[in-house]
Amino acid sequence: MTMKTKLYHHLQSTTTKNPQWNTLLREAANKSLFTKALSLYLHMLRSGASPNAFTFPFAIKSCAALSLPITGKQLHCHVFKTGCLLEPFVQTSLISMYGKCSLIDNARKLFDENPQSRKLTVCYNSLLSGYALNSRVKDVVVLFCEMRELGVEINGVTMLGLVQPCGIPGNLGLGMCVHGFCVKFGLDMDSSVGNCLLTMYVKSGEIDCGRKLFDEMPRKGLITWNAMINGYAQNGLANNVLELYKEMESKGFCPDPLTLVGVLSSCAHLGALSVGKEVERKMEGFGFSSNPFLNNALVNMYARCGNLKKARDIFDGMPVKSVVSWTAIIGGYGMHGQGEVAVELFDEMIRGGIKPDGTAFVSVLSACSHAGLTNKGLDYFGVMERKYGLRPGAEHYSCMVDLLGRAGRLNEARELIESMQVRADGALWGALLGACKIHRNVELAELAFEQSQVKHSKNKKDFSGHWLQEPNNNSSR
DNA sequence: CTAGGGTTAG
């Protein structure tokens with residue numbers, strides 16, 4: 001091949017093949033085939049074609065979805081070299097990628113480096129959603145105020161960034177204020193904003209507010225129904241879940257995996273095995289059988305309903321087991337008196353390289369407690385903070401009090417309570433009271449009873465929302 | 001830029 005033909009081939013590949021690569025990349029990313037999208041991008045580079053402003057966003061999006069910050073940073077370099085950084089489509093995808101990879105400061109830097117950012121709603125929106133994802137509530141509010149001061153248009157996506165972080169406990173006051181803003185901007189009936197507000201209320205435990213909003217929403221979509229169903233499920237209102245699920249089906253909506261997750265978890269709580277089995281058949285019928293969320297919920301459902309064999313079969317058949325899958329099966333063995341199996345599984349999980357979280361420790365500690373494996377439980381409790389850096393919460397102390405209490409080691413239980421750094425809750429006093437009853441310790445029982453009667457407030461710290469001024473009718477929109 | 005999900009003692 002002569003120099004001339006080489007050059008010709010090169011030119012042809014960069015000019016005529018570029019649109020083809022872009023199309024393939026876009027299609028892969030839009031189908032959520034992110035690994036494929038990234039490998040297409042690499043193929044493209046190797047073939048000599050040069051990426052452009054229509055290439056980068058899809059590659060960057062794929063990094064964000066796969067949580068690959070290092071590849072993301074490399075893409076940032078490529079963007080810089082090709083001079084596409086000022087393209088809003090490219091810039092917003094980079095900001096979003098940094099936000100999703102928890103590199104929010106990089107996102108901010110990118111936003112600040114481009115003076116054009118402060119004129120565009122989409123740039124603000126991408127940074128807002130990054131702050132929201134990283135629970136940086138104050139930054140969200142400050143940025144929103146800045147938008148209003150500069151007169152940048154506010155749209156539904158802006159409000160999503162504002163509403164999302166209000167679902168975390170303690171932010172409900174701000175959330176209600178934000179809801180007011182949505183109404184004033186006429187965006188509360190925007191379906192995504194409405195769904196987001198609904199989720200915010202149910203996550204804050206304000207299930208009645210959520211239901212009111214749900215009933216008022218004029219155009220309820222599948223996501224709306226799912227948000228309400230899962231809201232009930234997360235608040236332990238399992239009967240409401242089944243009722244609403246029935247209503248949803250009667251209205252002709254077809255459930256998707258998210259619907260069925262909430263329904264299955266409620267079946268688990270109610271011990272409603274027959275409904276659970278019906279859901280399992282539906283899963284198979286709709287082709288959701290390999291959904292890991294649904295399989296975790298299914299393992300939990302069978303375990304809680306007492307069918308440990310079925311739970312174990314599903315668990316064993318799962319190709320990828322997360323800490324949630326392990327927690328479900330460990331808890332299942334634990335609550336049915338097979339603490340030895342639960343402990344073995346817990347150790348097997350650790351040997352397999354899965355890091356236990358606070359919930360996994362709750363399930364193994366309670367398994368030890370039920371099976372009388374007192375010292376084993378004490379070992380786990382010790383290792384929890386020392387080895388895994390997990391600070392025990394009230395729920396862990398409750399398990400420990402239960403564990404020590406059942407073993408008759410009431411003084412140790414008492415000492416443990418006295419040494420606690422977290423506030424005791426009703427469950428802890430209940431566990432102590434139960435132990436006192438078994439071991440006939442009247443004096444300690446009196447104390448436990450007294451304490452268990454104290455109302456344990458849910459620690460709802462309200463933001464006053466005074467950072468936000470009332471919106472003027474003449475600004476924005 | 002873009003709304004909804006699984007596991008947790010008593």
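So you know, we letter chains A, B, ... as the sequences are listed, proteins then strands, and number each from 1.
Atom CD1 of A/I223 is separated from atom C1' of B/dT2 by 10 Å (rounded to the nearest Å). Here B/dT7 presents its C1' atom at 13 Å from CZ of A/F346, a figure rounded to the nearest Å. Spacing between atom OH of A/Y124 and atom P of B/dT2 amounts to 18 Å, rounded to whole angstrom units. Between the C1' atom of B/dC1 and the CD atom of A/Q91 lies a distance of 11 Å, rounded to the nearest Å. Rounded to whole Å, atom P of B/dA3 lies 18 Å from atom CG of A/D188. Straight-line distance from the CG atom of A/D190 to the C1' atom of B/dT2: 10 Å, rounded to whole Å. Note: CZ (A/F58) to C1' (B/dC1) measures 13 Å, nearest angstrom. One can place CD1 of A/I417 at 13 Å from C1' of B/dG10, the figure rounded to the nearest angstrom.
For A/S265, whose side chain is taken as the heavy atoms from C-beta onward, the closest listed nucleotide among B/dG6, B/dT8, B/dC1 is B/dG6. Ranking B/dA3, B/dA9, B/dG6 by closeness to the A/M335 side chain, first place goes to B/dA9. When each of B/dT8, B/dG5, B/dT2 is scored by its nearest atom to the side-chain atoms of A/S129, the top-ranked nucleotide is B/dT2. If you check B/dT2, B/dT8, B/dC1 against the side chain of A/V362, the one that comes closest is B/dT8. Nearest nucleotide to the A/A427 side chain, out of B/dA9, B/dA3, B/dC1: B/dA9. Side chain of A/A328, nearest nucleotide from B/dA9, B/dA3, B/dT7: B/dT7. Checking B/dA3, B/dC1, B/dG5 against the side-chain heavy atoms of A/V261 singles out B/dG5 as nearest. Relative to the side chain of A/T359, the nucleotides B/dC1, B/dT7, B/dA9 differ in distance, and B/dT7 lies closest. Counting only heavy atoms from C-beta on, A/F293 has its side chain closest to B/dG6 among B/dA9, B/dG6, B/dT8. Between B/dG6, B/dA3, B/dA9, one nucleotide has an atom nearer to the side chain of A/Q234 than all others, and that is B/dG6.
Taking 4.0 angstrom as the limit, A/R406 places a side-chain polar atom (N or O) nearer than this to OP1 or OP2 of B/dG10. Side-chain N/O atoms of A/H269 include none lying less than 4.0 angstrom from OP1 or OP2 on B/dG6. Residue A/N300 places at least one side-chain N or O under 4.0 Å from the OP1 or OP2 atom of B/dT8. Taking 4.0 angstrom as the limit, A/K203 places a side-chain polar atom (N or O) nearer than this to OP1 or OP2 of B/dG5. Checking the phosphate oxygens (OP1, OP2) of B/dT2, no side-chain nitrogen or oxygen of A/Q164 falls inside 4.0 Å.
Qualifying salt bridge (charged side-chain N to carboxylate O under 4.0 Å, His left out) partners for A/E280, counting only residues two or more places apart in sequence or in other chains: A/K310. The side-chain contact (heavy atoms from CB on, under 4.5 Å) test applied to A/P69 returns A/C101, A/L103, not counting sequence neighbours.
Within the cation-pi definition used here (under 6.0 Å to the ring centroid, within 45° of the axis), A/K61 does not qualify as a partner of A/F34.
Ring pair A/H179/A/Y201 is tilted by interplanar angle, where 30° to 60° counts as tilted. The aromatic rings of A/W225 and A/F253 sit tilted, their planes meeting at an angle between 30° and 60°.
The residue A/T158 sits apart from the nucleic acid: no heavy atom pair falls under 4.0 Å. Counting any heavy atom pair closer than 4.0 Å across all strands shown, A/N291 reaches a base atom. Residue A/S363 is out of contact with every strand shown, counting any heavy-atom pair closer than 4.0 Å. A/K321 comes within 4.0 angstrom of nothing in the nucleic acid, heavy atoms only. Among the atoms of the strands shown, none is found under 4.0 Å from any heavy atom of A/K220. Within the 4.0 angstrom heavy-atom criterion, no nucleotide atom of any strand lies near A/F288. Nucleic acid contact class of A/S192 (heavy atoms, under 4.0 Å, all strands): base. Within the nucleic acid shown, A/D256 comes within 4.0 Å of at least one base atom, counting heavy atoms only. No contact: A/P88 has no heavy atom under 4.0 Å from any strand.
At a cut-off of 3.5 angstrom, the base of B/dG6 holds no donor-acceptor pair with the side chain of A/T327.
Looking only at atom types and distance, the side chain of A/E243 has no donor-acceptor partner in the side chain of A/Y232 under 3.5 Å away.
The pair A/K282-A/E249 counts as a salt bridge, with a side-chain nitrogen and a carboxylate oxygen less than 4.0 angstrom apart.
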